[in-house]
Novice: 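One structure follows; several queries about it will come next.
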Amino acid sequence: MDSFLIQGGQKLTGTVDVSGAKNAALPILSACLMARGVTTLHGVPRLSDIDSMIDLLRELGCRVERQANANTPAHGGPALNGPLQVEVTDAGQSEAGYDIVSKMRASISVLGPLLASRGKAVVSLPGGCAIGDRPVDLHLRGLRKLGATFDLNGGNIVGTVNGRLKGARMYLGGAAGPTVLGTINVMCAAALAEGETVIVGAACEPEVTDTANLLNKMGAKITGHGTPEIKIEGVDRLNGTEHRIIPDRIEAATFIIAAAMTDGDLKLTNCNLNHLVAVVDQLENIGVKLEEKDGVVRVTRAGGKLKPVELTTQPYPGFPTDVQAQLVALLCLADGMSVIGERIFPERFLHLGELNRMGAHVRKEGATAFIHGVDRLQGATVMASDLRASAALVLAGLVAKGTTKINRVYHIDRGYEKIEQKLNAVGARIERVNEKN
Ligand code: EPZ
């Protein structure tokens, strides 16, 4: 199991490339199950979650080939991966096994595509994870509205369609707001259903929009994506196409916060600030300066101390839950008390205890974190737990006095492509060590 050794105190300066969005690439790969012919995807990040999805697609009868990208960027960062091709060669299999689904919840995104294209799907019911329960009741509710039936058999969701799915109008919101992957599952299934589907209470995340854009290139007829009401006119078939994955807004936000915490001067390429309006708004309140020119975003501190803020995570376009842990790390250095409410995943606070080990003063009351800023964090040995909590620990390690050791960095490898190569290329001092155990 790998660990990171991070020497704190380096300012991040230079240029870093943002990878393609993990949370767009995963559902888009699933959607390829519904197309005939070859789909070529550009900007698919090399991540363990993507590798798990590729394994799953191969189990489900797809040929998946990735070409390495030979060219190293001029500014010295790591070469990011080249195009990836997906083609369905055997549509006979429709069972997604426990071992892959238990590792990666996003495997649930094959449910809609399998039902729509093969009339049957067996997907292991995803368990909970470090950030809390991960129910799929809304996915099943929406797919039932289209005519699918489900049984729970030995921990597996067994879905079947009698004939062809039929379009329907539905409300898909839940107690915690819209569901991103639930919206995408229903949108994918509706794309091949008979007649019109209207999803009210749809998730508006850019990753939903990117998946809809991919489907429309395949021949789907989707409108309203990116708004709370998506309309899908079912078609008879979808064909392979070519598509570039949108930039990863969560990775971009993580690097922006890293630049602010280290008081650096960092440029980000492949960064779309239109997908981060709520994050930019809050960071500017805190004292981060962002300038955009010719598609490159430059991040510096606005000067003076970092200011505390109060906010609650929201569905898009609100402040994203996936940036909450990274924001908490930044606010550990603010001048005063910040209050952060976590509305989407109320248990998503495993980073708090580890940050306190580094000298932070944070505490939690229910689904709210109270962060009392300190002058400096101290290096310590800490434990990564989930993807974004682990990213928060890397950020803290970059500014802590002395050395920070982060164990179980496989959590980070799920969602950040070549993170230590990218950060070391702009001044960080991160060493990956392999612990025999
Ligand atoms: C996606 O997960 C992302 N993952 C998550 O990012 C992200 O945190 C989440 O959306 C919210 O933005 C991928 O896209 C692969 P949801 P998803 O369904 O779709 C409840 C990361 O760090 N809910 O939008 O699974 C749920 O419990 C990951 O990259 C139900 O109640 O999340 C939560 O409270 C972590 N019933 C809320 O809705 C359901 O059927 C939002 O969940 C589904 C969800």
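Remember, it's 1-based here, ligands and their atoms both numbered in the order they're listed.
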Novice: Would you say N153's side chain and N156's backbone share a donor-acceptor pair under 3.5 angstrom?
Specialist: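 Between the backbone of N156 and the side chain of N153 there is no qualifying donor-acceptor contact (under 3.5 Å).
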Novice: So, E417 side chain and R46 main chain: donor-acceptor pair closer than 3.5 Å or not?
Specialist: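 Present.
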Novice: Counting only N and O atoms by type, is there a donor-acceptor contact under 3.5 Å from the side chain of D49 to the main-chain atoms of L26?
Specialist: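 No, D49 side chain to L26 backbone: no donor-acceptor pair under 3.5 Å.
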Novice: Between the side chain of E205 and the main-chain N/O of Y316, is any donor-acceptor distance below 3.5 Å?
Specialist: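 Judged by distance alone, yes, a pair lies under 3.5 Å.
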Novice: Taking the side chain from E342 and the backbone from I344, do they hold a donor-acceptor pair closer than 3.5 Å?
Specialist: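 Confirmed, E342 side chain pairs with I344 backbone.
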Novice: So, T39 and T241: side-chain donor and acceptor under 3.5 Å apart, yes or no?
Specialist: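 Absent: no donor and acceptor within the cut-off.
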Novice: Could you pull out every protein residue that has a heavy atom closer than 4.0 Å to ligand 1, ordered by chain and then number?
Specialist: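 Around ligand 1, where the cutoff is 4.0 Å for heavy atoms, the contacting residues are K22, N23, R105, A106, I131, D133, R134, P135, V136, D137, L138, H139, A176, P178, T179, V180, L181, T321, D322, I344, F345, R348, L387, R388.
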